[in-house]
Amino acid sequence: MKNENPAKIYRISPLRRGLFSGIWVLFSLLLLVLSAAENDPASRSALHITAAIVLAIGAAMTPLVWYTRLTVASGGIELRQFGWRARVDWDNVAAIVRDAGAFGLVLKKPMNRSASLGLRVGILIPGWYTSQQAAMVQNGRWLPLEAFAWSWRRGPLRRDFQSYAPTLPVSEKAF
């Protein structure tokens, strides 16, 4: 018997969204403050231009963080990121992993290629994934949900997972 609850949409925590946007603004403001202390007009102009560029980059990247969402429904989950999405049925989820620095789903079968490629970008960033996570991302069998850990800790995401997949094991040890 399938659970007929409506799909729920989760977003990255407000703190993470705010910090991401705020860092760009603060860095731009810092550059402007430094420019006020600069006596050389050319250096002051360079700092103004740099502040504007930093602010423009932040403004361009902020929608990436604000757009990201996780949809949890009776048929499975969907992780949407700007430019790609990963859709996983509940019967393809082997376990939920919840540990310090790791929150995600271990999949039984690899996810589709486009979603897997979107996740592989993180492999290029040192420290983004543990070596075990990186290997699973490479194989298309790890769906990271760390950005939604706030909703898990607060309870609604955990309750939805339990509602839609009550027999799914939750591992408190990463790997």
Side-chain angles (χ1 to χ4, degrees), residues 1-25 58 61-125 127-175:
M1 183 167 101
K2 286 202 173 188
N3 191 329
E4 297 302 325
N5 291 336
K8 301 265 180 74
I9 297 173
Y10 293 92
R11 301 188 68 189
I12 293 176
S13 78
L15 179 64
R16 282 186 186 213
R17 289 189 315 235
L19 282 174
F20 185 83
S21 302
I23 287 171
W24 294 99
V25 171
M61 291 181 65
T62 295
L64 299 176
V65 175
W66 285 78
Y67 178 79
T68 302
R69 64 197 71 223
L70 178 69
T71 303
V72 181
S74 60
I77 63 167
E78 180 180 72
L79 175 59
R80 276 186 172 222
Q81 190 61 275
F82 194 80
W84 62 271
R85 68 182 176 160
R87 173 105 173 73
V88 177
D89 294 332
W90 287 116
D91 60 357
N92 189 26
V93 179
I96 302 166
V97 174
R98 177 71 188 121
D99 189 14
F103 176 47
L105 302 178
V106 176
L107 307 178
K108 296 174 186 173
K109 299 179 292 190
M111 66 181 85
N112 67 49
R113 182 166 165 73
S114 65
S116 181
L117 289 173
L119 291 170
R120 288 181 191 175
V121 171
I123 294 174
L124 304 173
I125 303 168
W128 192 280
Y129 296 122
T130 66
S131 59
Q132 295 93 344
Q133 290 170 340
M136 292 184 81
V137 166
Q138 192 72 30
N139 294 327
R141 294 191 52 238
W142 173 253
L143 186 63
L145 301 176
E146 186 60 39
F148 305 96
W150 181 76
S151 295
W152 181 269
R153 285 189 304 271
R154 290 178 53 98
L157 182 59
R158 184 180 323 123
R159 283 191 298 275
D160 285 341
F161 272 47
Q162 290 168 344
S163 170
Y164 292 123
T167 60
L168 197 60
V170 177
S171 172
E172 298 296 329
K173 278 307 233 176
F175 295 99

Quiz item: Does the side chain of Phe103 come within less than 4.5 Å of Leu157's, by heavy atoms?
Solution: yes

Practice problem: To the nearest 0.5 angstrom, please state how far the OG atom of Ser74 sits from the CG atom of Asp160. | Solution: 11.5 Å

Quiz prompt | Donor-acceptor contact below 3.5 Å, side chain Trp90 vs main chain Ala73 | solution = yes

Quiz prompt | Main-chain N/O of Ile77 paired with Tyr164 side-chain donor or acceptor, under 3.5 Å | solution = no

Quiz item: Between Arg159 and Phe161, is NZ or CZ placed under 6.0 angstrom from the six-membered ring centre and within 45° of the ring axis?
Solution: no

Exercise. State whether the number of non-hydrogen atoms from other residues, nucleotides or ligands found under 6.0 Å of Lys108 atom NZ is greater than 12.
Key: yes

Practice problem: Look only at the side chain of Arg153 and the backbone of Ser151, and say whether a donor-acceptor pair between them is shorter than 3.5 Å. | Solution: no

Exercise. Find the distance between CG (Asp91) and NZ (Lys109) and round it off to the nearest 0.5 Å.
Key: 6.0 Å

Quiz item: Got a second to check how far Lys8's NZ is from Leu70's CG, nearest 0.5 Å?
Solution: 12.5 Å

Quiz item: How far does CD of Glu78 sit from CD1 of Ile9, to the nearest 0.5 angstrom?
Solution: 9.0 Å

Self-check item: Validation row: Phe148, Thr68 side chains within 4.5 angstrom (heavy atoms)
Solution: yes

Practice problem: Identify the two heavy atoms, one from Ser21 and one from Thr62, that lie closest to each other, and give their separation to 0.1 Å. | Solution: OG-CG2, 3.2 Å

Practice problem: Check whether any side-chain N or O of Arg158 sits under 3.5 Å from a backbone N or O of Trp152 as a donor-acceptor pair, and report yes or no. | Solution: yes

Exercise. List the atom of Pro169, the atom of Ala94, and the distance in Å for their closest heavy-atom pair.
Key: CG-O, 3.3 Å

Quiz prompt | Straight-line distance of Arg69 CZ to Arg80 CZ, nearest 0.5 Å | solution = 7.5 Å

Quiz item: Is it true that a side-chain atom of Arg17 and a backbone atom of Val65 form a donor plus acceptor pair closer than 3.5 Å?
Solution: no

Quiz item: Does any non-hydrogen side-chain atom of Trp24 lie less than 4.5 Å from one of Met61?
Solution: yes

Quiz item: Should Trp84 and Leu79 count as side-chain neighbours, where that means a heavy-atom distance under 4.5 Å?
Solution: yes

Quiz item: Within a strict 4.5 Å, meaning less than it, do heavy atoms of the Val106 and Trp142 side chains meet?
Solution: yes

Quiz item: How far does CE of Met111 sit from CG of Asn139, to the nearest 0.5 angstrom?
Solution: 10.5 Å

Quiz item: Between the main-chain N or O of Leu107 and the side-chain N or O of Asn92, is there a donor-acceptor pair closer than 3.5 Å?
Solution: no

